[in-house]
Amino acid sequence: MKRTHTCGELTDKNEGHRVTLCGWIDRIRNLGGIEFARLRDRYGFTQVIFDPKNSKLHHKARKLSPEFCVAVRGIVRKRPEEAQRKDQETGGIEILAEELHVFSSSETPPIYINIEDRSSEDLRLKYRYLDLRKPSVREAIITRHRFTQAVREFLNGEGFVDIETPVLTKSTPEGARDFLVPSRLRPGRFYALPQSPQLFKQLLMVSGFDKYYQIAKCYRDEDLRADRQPEHTQIDIEMSFVDEEDVLALAERLMKFAFEKTTGIEVSIPFKRLTYEKAMMLFGSDKPDTRYGMEQFNMAKWFEGTSFSAIGNALERGELVRGFAAHGLASVFSRKKLDHYTERAKELGLGGLMWIKVEKDGITKSSIMKHCAEEIELLLKDVSIPPDSLILFSIGPRATLTRALGELRKKIITEELRSAEGLDFLWVTDFPMFSFDQERQRIVAEHHPFTMPNLDDFEKFASSDPLKIRARSYDLVINGTEVASGSVRIHRQDIQQKVFEILGLDQEEAQGKFGFLLEAFKYGAPPHAGIAPGLDRLLALIVGSDSIRDVIAFPKTASGSDLMTGAPSEVSEEQLRELRLRIENEKP
RNA sequence: GGGGACGUGGUGCAGUUGGUUAGCAUGCCGGUCUGUCACACCGGUGGCCGCGAGUUCGAGUCUCGUCGUCCCCGCCA
């Protein structure tokens, strides 16, 4: 029996037609005589009715159980008026069964398929193929398909060429830990899985491919999170003869097209922009969710010459006094909660946390009222603070203070506030080119070492204070999540060489690691720039999930295992021998 | 590498201060029922309480270890 229709398409327009449906039994409702079976496929549900008058068929139907895979032939008929379901797409009709074929029976499934969120995540992952039968899980995967199709449609239309790059490639020293693949033909040597196709796409620009894209798997052997998997997918894009404005504009149009095509949510462009510097000063974060306000401000001017030594001394030391106001929270922040936030502030490196409350009735309270009543009065006169507001503020060196306040702001957002609506697209630009890695005691690239520095900064600070150099890089942030990252790249051998020097790679090392790139730059490299939106995170935002596992067909757990296949697994002695590898005992 | 939460019939949970037969819901099996849609009702089945030590007359409950899952910090995108 071949199907003539799917379970999502029949309506009263098909009344009287003889049809065949294939799918899985979602649920049986046996009323003694008449028996209803809900049939499910990826398109929807259709109710099938087995009438006892057809006793042979009815007898066969009584043996059905959930998740049997079947074909049913029958007549589409309108349900009686009182039995119609307007909320279901196929709720107006049913199939009066004439013939039933069971392709496969099913044991009682280990997870609930016909009830949402009734099974634990580890079981759902172990039986992912069953979990994927659930409409909500299936829809997330289909949404992902529609999104990538929209991305391809847009980029193809813009003249981009989709080019595959190798998965077995070379280990590079910068960035995350590589996944390594031992080489059998060259024992003792290893491939690395790409953290991104970065170098290949730059080389494709040297080749003249102009506009490249790839929906590319990227691999990083680092610890996992809800929004981090060992393999994730990037929409990898690179363009020649462009600058950052071209890339940002392209990315905006791409996001608008793909979001609108996939979700129907209208996206207005251009997106807001903040420099890194400004984002840090306003929100204490390089990926702020700006929907919640609570911008930091400098409070020094109200405390100049204060007699309160804690603040006065800090100002003399050149430290800052900064804080932010949270409206509607004065009544929520009990003494206990304030203590809790103070504790957190100390963990974040601050000496403590001060607060001012303007309560609902307009009465002002503060942790430093005893010392600074006048200062607080002046401050509240200058800054308009509505009733029921809380100002949290502290003192400290600039970087520590802004970051710590940013963390406290984030904590308030996740713990105290109702989640905001809508999509908040934000560009953060002009990141620092380098940062200092305390652990390794050396300068590292903030984005990656192929990022074009701001050349004015570069000239001024390359030898004196490289940490002051800004990069021509940009991140796209949506609702506080970093969803894309990119930069203008270096296309000149001399600049690339200097950047390597600042990173502490001498010429020989640089030749060994990236010689092929430096070599390529000798042969007419075009100026180029690119960006790489993270597909998994974008989809998680679109389907409203906190975890990218929900938009990946076969995801891994927080410890990197695949509960379904059992990977990673041990391999045979024979396999190890071929690779000339030996496993060292962990505990000798 | 560090911190937190969890692990009890197939599934999701409860289980008091350590005390006799480990509850509830759902599923599953059987029965009644011809318009249900989480069908309803009646009856039944099903658990070495993740694993291993220990404390104790006695451990689901306390201690230590171990494994697994989730969340967070570090790390990383």
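In what follows, chains are A, B, ... by sequence order, proteins preceding strands, each numbered from 1.
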On a heavy-atom basis, the closest approach of A/I490 and A/P449 is CD1-O, 3.8 Å

Looking at every non-hydrogen atom in both residues, tell me the closest pair between A/Y474 and A/E244 and how far apart they are. CE2-CB, 3.6 Å

Base-pairing assignment for [N] (Watson-Crick or G-U wobble, both under 3.5 Å):
N	result
B/G54	B/C62
B/U45	none
B/G68	B/C6
B/G12	B/C24
B/A77	none
B/A40	B/U32

Between [N] ([atom2]) and [X] ([atom1]): distance, integer Å:
X	N	atom1	atom2	result
A/D26	B/G27	CG	C1'	14 Å
A/I113	B/G10	CD1	P	18 Å
A/E107	B/C28	CD	P	13 Å
A/D131	B/G12	CG	P	12 Å

Within a reach of under 6.0 Å around CD of A/Q441, are more than 12 heavy atoms found that belong to other residues, nucleotides or ligands?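 Enclosed: over 12 neighbouring heavy atoms sit under 6.0 Å from CD of A/Q441.
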
Does atom NZ of A/K556 have more than 12 heavy-atom neighbours, drawn from other residues, nucleotides or ligands, at distances under 6.0 Å? yes

Position toward the 5' end of RNA chain B (nearest nucleotide), A/I49 or A/S119: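 The answer here is A/S119.
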
Taking N and O atoms by type only, does the side chain of A/R77 place a donor or acceptor under 3.5 Å from a partner on the base of B/G35? yes

Quick one: does [X]'s side chain get under 4.5 Å of [Y]'s, heavy atoms only?
X	Y	result
A/Q198	A/R489	yes
A/F50	A/L64	yes
A/Q47	A/R29	yes

Taking [M] as the reference, what is the distance to [N] when you measure between their [atom1] atoms (whole Å, please)?
N	M	atom1	value
B/A38	B/G1	C1'	47 Å
B/C49	B/C70	P	25 Å
B/C48	B/G10	P	7 Å
B/C51	B/G60	C1'	14 Å
B/C6	B/U17	P	15 Å

Both conditions, 6.0 Å and 45 degrees, for the charged tip of A/R38 above the ring of A/F45: are they met here? yes

Return the polar atom pairs (N/O with N/O) between nucleotides 3-6 of chain B and the protein under 3.5 Å, or none.
none

Has A/H58 got a side-chain atom pairing as donor or acceptor with A/G33's backbone, closer than 3.5 angstrom?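 Side chain of A/H58 to backbone of A/G33: a pair is present.
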
Taking only N/O atoms, report every protein-nucleotides 36-40 of chain B pair under 3.5 Å with atom names and distance.
unit_1, atom_1, unit_2, atom_2, d
B/U36, O2, A/R29, NE, 2.9
B/U36, N3, A/Q47, OE1, 3.0
B/U36, N3, A/Q47, NE2, 3.1
B/U36, O4, A/Q47, NE2, 2.8
B/U36, O4, A/R79, NH1, 3.4
B/C37, O4', A/R29, NE, 3.0
B/C37, O2', A/R29, NH1, 3.3
B/C37, N3, A/R79, NH1, 3.1
B/C37, N4, A/A83, O, 2.4
B/A38, O3', A/R27, NH1, 3.2
B/C39, OP1, A/R27, NH1, 3.4
B/C39, OP2, A/R27, NE, 3.2
B/C39, OP2, A/R29, NH1, 2.3
B/C39, N4, A/N30, O, 2.4

Protein within reach of the bases, or only the backbone? For nucleotides 70-77 of chain B, mark each nucleotide 5' to 3' as B, S or -, using heavy atoms under 4.0 Å. SSSBBBBB

Presence of A/S120 side-chain N/O under 4.0 Å of B/G12 phosphate oxygens OP1/OP2: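 Checking B/G12 against A/S120, a side-chain N or O does come within under 4.0 Å of OP1 or OP2.
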
